[in-house]
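Contents: one structure, followed by commentary.
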Amino acid sequence: MSFNVYVTRQIPEEGINLLKKHCQTVEVNPYDRPLTYDELLRQVKGRDAMLTMLSDRIDEGVINEAKSIKVISNYAVGYENINIKTATAKGIIVTNTPGVLTDSTADMAWALLFSIARRIVEGDKLTRAGKFMGWSPLMLLGGDLIGKTLGIIGAGRIGTAMAMRSRGWCMKVLYTTQSNKNAVLEEMLGAKRVDLEMLLKESDFISIHTPLSEKTRHLIGAKELSFMKKTAYLINTARGAVIDEAALVNDLENRQIAGAGLDVYEEEPRLKPGLAELDNVVLAPHLGSATVETRTKMAVMAAENIIAVLNKQKPKNCVNPEVFT
Ligand code: GLV
Ligand code: GLV
């Protein structure tokens, strides 16, 4: 009961209340901003557990200060912000929040897809600026979805949920995956597994759902972008660095692709020069899991992972199970 937990941002109170029920000390970052690196170094000291955000860089330096930490519970499904190798070497269990954010993130990908294909943001700007002079036959023409080809890069949980939603538009689905063939997509949608080049060449809408790793960093660079149709759209709700953002800016500037819908950036929260000036891109501030329901479920899940470890049970969502051997 004398557990000491630090939470690096304010999260829905359901998670904090759960922690308080099981731990004596639960301290939450009081500021409406991420901790600085120095603050992070200071705050891990003497704690039994940390509940961290994807914006916290939990590198070797932080882990070296985390002498009493038993668990780092990341409030995200992605965990490339944590040096897993060092954590594992120190016997620290790392957990994430998979599953609960799958639907909200897939919805976000569709929201971006519609926004860019139907030019919602451009239209909103124009309307607010008082430039709407009445219906016009050639104003802000976008692209249709019906019968088009959707390419899913990384058909895991979120990629699958994204693809399943395409049934409403009778889309042909292509996908790539690092793991086995996706039986759900193949059986329910007649989806086809192809290589990345084929997917880029054939798809009208491409949506990225891979985690960020050394394998997927800049998976979509200048060469890959050049495979895309001039009429195709690129959607990214995964991690910014999966795309070479400077190359994307260049392609969008030169109208080499029709547009992009982005929720994530290579160096969040900074954008590559030129990106914000483009009208053929919709930019969201990393909102994939940002619904009341999802963030609440994530908070409870992240708290439960901590409580399990502190009570010497296996947490449900461990990402470094090798730590137990
Ligand atoms: C959000 O980007 C997450 O990884 O949960
Ligand atoms: C993440 O949750 C994924 O597998 O897509």
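Read the numbers this way: they start at 1 and go in the same order the structure lists the ligands and their atoms. Bear in mind that the values here come from a model prediction, so they are computed numbers and not experimental data.
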**Request:** Report yes if R239 has an N/O atom closer than 3.5 Å to an N/O atom of ligand 1; otherwise report no.
**Result:** yes
**Request:** Under 4.0 Å, heavy atoms only, figure out whether ligand 1 is touched by the backbone of L101, its side chain, both or neither.
**Result:** side chain
**Asked** Would you say L54 and ligand 1 have an N/O pair spaced under 3.5 Å apart?
**Response** no
Please list every donor-acceptor pair under 3.5 Å in which a side-chain atom of residues 134-156 meets a protein atom from a residue at least two apart or in another chain.
residue: K148; atom: NZ; partner: D144; partner atom: O; Å: 2.9

**Distance filter under 4.0 Å to A76 heavy atoms, resulting ligand 1 atoms** = 3 (C), 4 (O), 5 (O)
**Prompt:** Is atom OH of Y37 surrounded by more than 12 heavy atoms (other residues, nucleotides or ligands) closer than 6.0 Å?
**Reply:** yes
**Message:** Could you check whether any side-chain heavy atom of V71 comes within less than 4.5 Å of a side-chain heavy atom of I92, counting everything from C-beta outward?
**Reply:** no
**Message:** If the cut-off is 4.0 Å to any non-hydrogen atom of G78, which atoms of ligand 1 fall inside it?
**Reply:** 3 (C), 4 (O)
**Polar atom proximity, H286 to ligand 1 (N or O, under 3.5 Å)** = yes
**Prompt:** Tell me, which protein residue and heavy-atom name are nearest atom 5 (O) of ligand 1, and how many Å apart are they?
**Reply:** V77 N, 2.8 Å
**Asked** With a cut-off of 6.0 Å (strictly less than), are more than 12 heavy atoms of other residues, nucleotides or ligands near CZ of F205?
**Response** yes
**Asked** Just wondering, more than 12 heavy atoms not from K70 lying within 6.0 Å of its NZ?
**Response** yes
**Asked** Going through the distances and angles, do M298 and S289 end up as a side-chain contact (heavy atoms from CB on, under 4.5 Å)?
**Response** CA-CA 9 Å; M298 287 166 65; S289 64; 3.7 Å; yes
